[in-house]
Every structure is written in C-alpha cells, then in structure tokens.
Amino acid sequence: MALVKLPPETLIQIFDYVGSSYFRSDLSRLTVCKQWSELAHTACFRDLYVTQKTLRRLLSSPYVESSLRLVKNSVETLDLNFKGFEDWDSIPLSGHDPQAVNVWNGAHGHAVRATWTTELNNDLLYLAPIIQQSRRLRILRIQATSELHPLLRLLERRDYLFLSTIRTFLSVSNLTSLELDLCGTRLIPHQSQDQSQERGEGIHVCASIAALLTTLRRLRLRMRSICADVLRPPQHCTDLKLNEMLINLSLSNESPVTTSAAHATCCSSSTGGFLQLKADMEKQAQVLVAQMAAPKIVRILTHALPRIEMRAFDVLTGRNVALSEGADWDDEGEVIEDQVSDDESEISDLSSDDDE
C-alpha cells in the first residue's frame with residue numbers, strides 16, 4: 001500500500017518516527033499531497049532548530065504568518081543556537097590585514113556588530129509571543145557561544161543577548177526541560193550596547209529561572225553570571241517534579257581559542273568571590289533537593305587546576321567526582337575520596353571572569 005493511502009494516525013506515527021530533521025533536510029518531502037502536507041508540516045515544526053540566519057529568513061519569508069501559526073500549534077522542542085556575529089565579509093578586509101583587528105575593534109566595526117545585535121534581539125522578541133502561546137512546547141534549549149572570527153584571534157569578547165530577550169522566553173508556561181548554555185555572552189541591557197554597563201545592577205535572570213522550578217523536570221545551566229537565587233523556587237513549593245539539575249560554573253570550554261580558564265561570577269551583590277558563590281550554590285542545591293519528590297542527579301560543576309580538570313559536587317551523595325576531558329555533565333566520573341584543599345586555592349585564583 002502506498003504511504004499516501006495510509007490512515008492519518010498511521011502517517012502521524014511514521015512522521016514521529018522519522019522526526020523533524022527528515023523534512024528539514026529536503027523540503028520537497030512536505031508537498032506530496034494535501035493530507036500528507038498538513039501532517040508533514042506539523043511534524044516538521046515539532047522540533048524547531050533556530051539560528052540567527054534561519055530566524056531572519058523565517059521572518060522575512062512571504063509565508064511568515066502561516067509558518068508562525070505552525071510553530072505556535074506544533075512546536076514541542078525549541079532549540080535556539082547562536083554564535084554571535086558571523087557576517088565578517090560585510091567589511092571587505094583580509095584576515096591577514098594587520099589593520100583588520102583595529103577595524104573590527106574600532107567604531108565602525110562596533111557599529112556593524114551593534115546593528116546585528118539589535119536585529120537579532122528584535123527578531124527573537126518577535127518570535128517570543130508566538131512561543132508563549134504554544135501549548136505544546138515542553139523543551140527549551142538556548143545556546144550562545146562566543147563570537148569567533150575565522151582568522152582573527154585578537155577581537156575583544158563581546159556580549160550580544162539582551163536580558164529582556166531571555167526573560168521573555170523564560171515566561172513560557174508548561175516547560176518540563178530547560179537548558180541554558182550562555183557561556184559566550186552576558187545578558188546586557190536592552191537600551192545600551194555599552195559594555196561598561198553589563199556589570200550594573202539588575203542584570204539578573206536567576207529569579208525568572210527559579211519561577212519555572214514548579215513545572216520543570218530537567219534543568220541544565222551554564223551562564224557567565226549566576227547566583228543561588230536560581231535554585232529558590234516560589235515559597236511553599238514541595239514535591240517538585242524536578243529530578244535532574246546540573247549547574248556548570250566552569251567556562252573552561254567556552255571558546256576553542258581560550259588560553260585561560262574562568263568561572264562564572266555572582267550576579268548579586270554578594271562578596272567573597274567564586275568560592276563563596278560555589279558554597280552558596282551547593283548549600284542552596286541541598287535545600288532544593290529536600291523539596292524534590294524524586295531527585296535522580298543534582299550536581300554543581302567546576303574545574304580545578306593546573307590541568308583544568310572538570311569536577312562535580314554530587315549533592316545527593318555529598319561526594320566530589322572527577323570527570324574526564326570532554327565528558328558529559330552527567331557522566332558517572334570517578335569519585336574523589338578526599339577533596340584536596342589545594343584545588344580550592346587554585347580555583348580561587350580564577351574567581352574573577354577573565355574577559356579581557
């Protein structure tokens with residue numbers, strides 16, 4: 001029997017099996033016939049992977065309204081992936097030109113990238129209300145890595161996501177899984193590209209994340225600024241469904257050209273540097289575990305010198321675990337029987353974010 005003659009419920013099961021990527025890899029697969037097309041479009045938008053360029057194309061398309069309706073009615077997993085500004089050919093310079101770094105670090109280069117940043121955040125803010133209306137969205141992933149010129153290695157590190165943009169996406173209801181890996185950018189004020197303001201008061205998204213703890217089952221976070229408020233659910237919340245929580249305070253793998261390792265900094269007015277932040281996070285994680293109905297894995301990850309080895313504090317067992325290079329955050333690892341105090345003194349040397 002031809003596939004197009006199968007009952008709709010059978011086609012839906014088949015499309016669920018092949019996944020959204022099957023249709024995205026060849027859009028002609030969406031247009032076999034009318035019934036097929038309706039079901040295939042729903043399947044295509046179920047798992048939505050978005051970059052700055054694909055988002056711009058979507059919002060510039062003559063079919064934007066119908067596409068956004070499909071997003072609203074179909075998307076279950078939204079994956080936003082950003083690498084910062086990538087249109088380096090917009091200023092015709094050779095990467096080997098000794099003046100290239102000065103141009104991109106100068107006023108014109110900053111203006112070009114600032115315009116791109118505003119456009120990206122405006123596009124995201126246009127998409128956000130559609131996502132907020134989605135009743136099917138359960139999984140939200142946002143990854144933002146550092147801007148990286150393919151040839152130039154001396155460009156100043158630059159932030160490109162607005163605090164208001166991320167907060168808007170975090171107001172989505174019914175999420176069961178949230179993954180934020182924002183190691184490549186701090187969250188900056190909407191009205192300013194002035195990097196001197198990025199450390200100002202109010203650049204704080206932790207409370208917005210904590211508000212989602214009432215519905216989340218899975219939480220993974222890595223941000224350049226964080227505090228223990230991120231693990232404080234609304235008052236009187238018990239028997240949380242959250243069963244997996246991984247917080248990575250290490251920024252050691254945030255860029256392939258990074259020559260030194262750094263940790264996240266505290267986004268509140270707390271004093272005491274990184275060791276105090278680490279202690280606060282571990283203490284609040286222990287409080288949170290008591291509010292979780294069935295915790296499976298709860299970890300706070302850091303790194304230790306001199307070899308930048310990944311370490312994880314297992315909140316459920318109270319033990320520290322060494323992870324091999326490139327291991328997943330939830331890898332079983334090797335238990336460290338006695339935590340060496342020297343590790344903490346090495347960590348304290350890197351308590352400030354090395355953004356210079």
Side-chain angles (χ1 to χ4, degrees), residues 50-56 80-125 141-169 180-205 221-226 248-267 350 352-356:
V50 176
T51 66
Q52 184 271 335
K53 292 182 178 179
T54 59
L55 178 58
R56 186 88 288 274
L80 303 174
N81 194 293
F82 306 114
K83 298 179 180 179
F85 180 82
E86 296 181 275
D87 192 14
W88 301 107
D89 293 334
S90 59
I91 298 181
L93 291 168
S94 168
H96 300 289
D97 186 336
Q99 297 301 315
V101 171
N102 293 334
V103 170
W104 281 112
N105 283 337
H108 182 51
H110 278 296
V112 170
R113 289 190 284 171
T115 299
W116 175 91
T117 297
T118 299
E119 181 179 80
L120 167 65
N121 285 272
N122 285 343
D123 285 350
L124 287 169
L125 289 171
R141 302 187 189 101
I142 306 179
Q143 182 177 27
T145 56
S146 293
E147 280 183 354
L148 183 63
H149 190 286
L151 297 175
L152 302 176
R153 294 293 183 263
L154 299 177
L155 292 182
E156 299 170 357
R157 200 191 68 75
R158 194 185 71 95
D159 303 318
Y160 57 86
L161 283 179
F162 294 162
L163 174 65
S164 57
T165 301
I166 298 301
R167 276 183 173 160
T168 302
F169 280 92
L180 293 183
D181 191 349
L182 308 181
C183 63
T185 177
R186 290 183 183 273
L187 302 180
I188 56 179
H190 183 103
Q191 298 298 328
S192 173
Q193 300 298 311
D194 184 0
Q195 298 297 296
S196 67
Q197 294 186 31
E198 69 184 24
R199 300 178 188 273
E201 292 296 321
I203 311 305
H204 182 63
V205 76
L221 297 176
R222 179 165 62 161
M223 303 188 294
R224 301 192 78 87
S225 296
I226 195 170
N248 192 345
L249 301 179
S250 172
L251 305 176
S252 61
N253 297 319
E254 69 99 9
S255 168
V257 297
T258 297
T259 57
S260 61
H263 281 104
T265 55
C266 185
C267 53
L350 297 170
S352 60
D353 191 356
D354 191 7
D355 284 344
E356 297 301 326

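The backbone N or O of W104 sits nowhere less than 3.5 Å from a side-chain atom of H110 that would complete a donor-acceptor pair. Within the 3.5 Å criterion, the main-chain N or O of V50 finds no donor-acceptor partner in the side chain of T54. Checked by atom type and distance alone, the side chain of T185 pairs as donor or acceptor with a backbone atom of Y160 at under 3.5 Å.
Partners of R141 by salt bridge (Lys or Arg N to Asp or Glu O under 4.0 Å), not counting sequence neighbours, listed by chain and number: D79, E179. In terms of the side chain to side chain contact (heavy atoms under 4.5 Å, CB included) criterion, T115 has no residue partners (sequence neighbours excluded). Not counting sequence neighbours, N122 has no partner by the side chain to side chain donor-acceptor pair (under 3.5 Å) test.
To the nearest 0.5 Å, the span separating CG on N248 from CG on L180 amounts to 13.0 Å. Going from atom CH2 of W88 over to atom CG of L148 covers 8.0 Å, rounded to the nearest 0.5 Å. Rounding to the nearest 0.5 Å gives a distance of 6.5 Å between CG of N81 and OG1 of T145. Atom CZ in R224 sits 5.0 Å away from atom CG in L251 (nearest 0.5 Å). In this structure, the separation between CE on M223 and CG on L182 is 7.0 Å, given to the nearest 0.5 Å. With rounding to the nearest 0.5 angstrom, the OG1 atom of T117 is 3.5 Å from the CZ atom of R158.
Within the 4.5 Å cutoff, side-chain heavy atoms of L120 are placed close to those of L161. Side-chain contact between L124 and F169 is present, with at least one heavy-atom pair separated by less than 4.5 Å. Using a 4.5 Å cut-off on side-chain heavy atoms (C-beta onward), I188 and F162 make contact. With a 4.5 Å cut-off on side-chain heavy atoms, S90 and F85 count as touching.
Between S225 and R186, the side chains place a donor N or O and an acceptor N or O closer than 3.5 Å (distance only, hydrogens not considered).
Taking the charged nitrogens against the carboxylate oxygens, E147 and R113 do have a contact shorter than 4.0 Å, which makes a salt bridge.
The two residues H263 and S250 come nearest to each other via the heavy atoms CD2-CA, 3.8 Å. Minimum interatomic distance between C267 and H204 (heavy atoms only, all atoms of both residues): SG-ND1, 3.0 Å.
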